[in-house]
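Heads up, the thing below is written out as structure tokens.
Both backbone and side-chain heavy atoms feed into the values below; hydrogens, waters and symmetry mates do not. Chain letters run A, B, ... following the sequence lines, proteins first, then strands; residues in each count from 1.
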Amino acid sequence: MPSIAPALLAWYDREAADFPWRRTHDAYAVWLSEIMLQQTQVETVIPYYERFLAAFPTVQALADAPLDTVLKRWEGLGYYSRARNLHRAAQIVAQEMGGNFPSTADELEKLPGIGRYTAGAISSIAFGQRAPVLDGNVIRVFARLTDLNTEVTQNAVKMKLWTLAEDWLPAERAGDYNQALMELGRTVCKPRNPLCGICPIQAHCAAFTNGTQNERPVKAKKAPVPHYDVAAGVIWNDVGQLLIAQRPLKGLLGGLWEFPGGKQEQGETLPECLKRELREELAIEVEVEDLFTVVHHGFTHFKITLHAFMCRYRSGAPQKIGVHDWAWVSVNELDQYSFGKADREVIAALNARKTMLL
DNA sequence: AAAGCGGGGAG
DNA sequence: CTCCCAGCTTT
């Protein structure tokens with residue numbers, strides 16, 4: 001197959017969108033954008049990227065910031081381990097590398113949060129190294145170019161695609177070529193209804209020739225996700241403060257704050273579940289009062305219905321048993337803490353009620 | 001309701 | 001080295 005690079009680069013030179021991270025080759029800025037762009041669409045990332053860079057303009061500033069401050073800037077973006085790894089990597093670069101990112105993909109990949117894709121992206125875009133990338137966009141473009149009829153989730157198939165990414169990489173402008181491939185996948189070679197009529201490399205595309213572009217890439221069927229009911233407490237003390245808890249630093253929503261509670265078990269009511277969870281995780285006793293609000297929320301491997309109950313604190317100094325930390329705070333102070341989306345909806349309901357009462 | 005999107009870490 | 005885990009947006 002003749003090289004796709006000339007047509008792709010010419011298209012990119014004409015059509016490339018003007019994203020904020022494309023106005024710089026600063027490794028810190030490129031790194032930040034690539035971490036944010038993992039698992040997250042471009043349009044979502046832009047405002048987070050700009051606010052984050054304004055708050056932490058240099059890798060040193062990020063390294064010096066407390067983790068809580070970093071998580072607060074990440075709030076709502078999801079996959080919070082990215083923020084924790086970003087913070088750790090910033091400290092390594094600032095403290096052990098004199099503030100300079102390594103330039104090769106192999107060295108970059110040793111930093112937390114940087115895998116093969118991100119290492120290739122940073123080294124090619126920020127440092128002009130001839131390193132390949134393979135993200136979901138590139139997988140889709142390649143699966144169509146080669147009319148690949150095997151499941152792209154299979155490891156052997158992924159390895160083959162990495163080899164293609166390496167083999168087709170041009171000698172010059174590897175960073176632009178990589179970005180062009182991903183941009184093509186995002187805007188033209190889209191998951192559904194690809195715009196083959198305006199594709200600059202249509203002439204190279206086996207799927208287009210065979211009319212199979214809508215069947216590529218082949219993906220395995222996903223198992224249906226389970227559903228759980230979760231009870232959470234909006235727990236008030238006698239001076240009008242709320243008890244919030246910080247989740248353990250590892251795992252789901254790691255390091256984020258929440259209204260404490262947990263999953264309903266077989267044969268227990270939601271108020272019973274809530275009282276049990278509060279004993280298990282904080283060693284406190286509460287009076288469960290009215291159901292306050294119900295929130296539906298989806299995660300990768302399951303979905304939840306969150307039932308938030310108004311509660312009155314009764315006894316027991318909170319203990320850090322199943323939580324990383326806890327705090328009594330006023331409603332107005334809630335915005336200073338990082339919460340996941342579902343708990344943010346509970347807070348929105350609290351603010352709405354407060355507004356109604358005024 | 002379902003699809004889309006990379007890396008860490010346990011086993 | 002595999003397999004399992006992981007949040008939110010868009011369609």
Side-chain angles (χ1 to χ4, degrees), chain A residues 31-49 71 73-89 92 105 108-122 131-141 143-144 151-159 161-162 165 178 181-183 185-187 189-194 214-228 230 247-258 295-306 338-345:
Chain A
W31 168 61
L32 176 64
S33 72
E34 287 301 337
I35 301 296
M36 286 189 166
L37 287 163
Q38 293 169 3
Q39 313 300 85
T40 311
Q41 305 292 326
V42 167
E43 287 74 14
T44 308
V45 165
I46 291 171
Y48 278 92
Y49 172 84
L71 281 172
R73 296 287 169 178
W74 204 271
E75 182 183 36
L77 204 52
Y79 283 99
Y80 297 91
S81 63
R82 291 184 296 172
R84 298 194 306 273
N85 287 330
L86 192 80
H87 191 229
R88 282 173 52 211
I92 293 170
L108 284 162
E109 202 171 337
K110 293 176 184 165
L111 290 168
I114 298 181
R116 191 171 176 186
Y117 162 77
T118 309
I122 299 172
V133 298
L134 189 75
D135 74 341
N137 291 306
V138 179
I139 288 172
R140 188 169 55 252
V141 171
R144 286 175 176 156
E151 276 181 15
V152 292
T153 45
Q154 293 174 15
N155 246 315
V157 177
K158 277 233 177 76
M159 292 308 294
L161 291 169
W162 270 110
N178 284 336
L181 265 182
M182 295 189 280
E183 179 109 341
R186 193 176 64 83
T187 62
C189 198
K190 300 188 295 180
R192 276 166 296 207
N193 306 317
N214 279 312
E215 298 154 45
R216 304 286 178 262
V218 178
K219 295 208 169 183
K221 271 212 156 185
K222 280 185 185 170
V225 297
H227 170 269
Y228 303 111
V230 172
R247 300 176 58 91
L249 296 187
K250 299 206 170 198
L252 184 76
L253 300 169
L256 269 68
W257 292 78
E258 66 176 4
V295 175
H296 299 275
H297 190 71
F299 294 97
T300 312
H301 276 69
F302 59 95
K303 47 195 171 184
I304 64 164
T305 303
L306 178 66
S338 325
F339 291 85
K341 281 273 168 179
D343 282 54
R344 271 288 159 213
E345 287 198 43

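If A/Lys303 and A/Arg140 are placed on DNA chain B by their nearest nucleotide, the residue sitting closer to the 5' end is A/Lys303. In this structure, A/Leu253 and A/Arg192 both approach DNA chain C, and ranking their closest nucleotides by distance from the 5' end singles out A/Leu253.
For A/Phe299 and A/His301, the gap between ring centers reaches or exceeds 6.0 Å.
Per the geometry, CD1 belonging to A/Ile122 stands 13 Å off C1' belonging to B/dG7, to the nearest Å. We find that CD1 of A/Ile139 is positioned 17 Å from P of B/dA3, with the value rounded to whole Å. One interatomic measurement links the two molecules: CD of A/Glu43 to C1' of C/dC8, which rounds to 14 Å at whole-angstrom precision. Protein atom CG of A/Asn155 is 5 Å distant from nucleotide atom P of C/dT2, rounded to whole Å. A/Arg344 has its CZ atom 13 Å from the P atom of C/dT9, to the nearest Å. When the C1' atom of B/dG6 is taken as reference, atom CH2 of A/Trp31 falls 16 Å away, rounded to whole Å. If you take NZ of A/Lys219 and C1' of B/dG4, they are 6 Å apart, rounded to a whole angstrom. At whole-Å resolution of the value, CD in A/Glu75 and P in C/dC8 are 9 Å apart.
The residue A/Gln38 sits close only to the backbone: its heavy atoms come under 4.0 Å of sugar-phosphate atoms, none of a base. Note on A/Phe299: a base of the nucleic acid sits closer than 4.0 angstrom, heavy atoms only. Residue A/Gly254 is out of contact with every strand shown, counting any heavy-atom pair closer than 4.0 Å.
C/dC8 and B/dG9 have their C1' atoms separated by 23 Å, with the value rounded to a whole Å. Using P as the reference atom, C/dA6 and B/dG11 are 13 Å apart when rounded to the nearest Å.
Residue A/Arg73 places its CZ atom among 12 or fewer non-hydrogen atoms of other residues, nucleotides or ligands, all under 6.0 Å distant.
A donor-acceptor contact closer than 3.5 angstrom is absent between the side chains of A/Tyr79 and A/Thr40.
Of the candidates C/dG7, B/dG7, C/dC8, C/dC8 carries the atom nearest the A/His297 side chain, counting heavy atoms from C-beta on. When the nucleotides B/dG8, B/dG9, B/dG6 are ranked by their closest atom to the side chain of A/Tyr117, B/dG6 comes out on top.
Put simply, A/Lys341 has a side-chain N or O that comes within less than 4.0 Å of OP1 or OP2 on C/dT9. Dashed line: the shortest gap from a side-chain N or O of A/Thr118 to OP1 or OP2 of B/dG7 is under 4.0 Å. Taking side-chain N and O atoms only, A/Tyr80 has a distance below 4.0 Å to OP1 or OP2 of C/dC8. Regarding contacts with the backbone of B/dC5, a side-chain N or O of A/Asn137 is found under 4.0 angstrom from either OP1 or OP2.
Using a 4.5 Å heavy-atom threshold, the side chains of A/Thr118 and A/Gln38 count as touching. The side-chain heavy atoms of A/Leu252 and A/Arg247, taken from C-beta on, include a pair separated by under 4.5 Å. Within the 4.5 Å cutoff, no side-chain heavy atoms of A/Arg140 are placed close to those of A/Val152.
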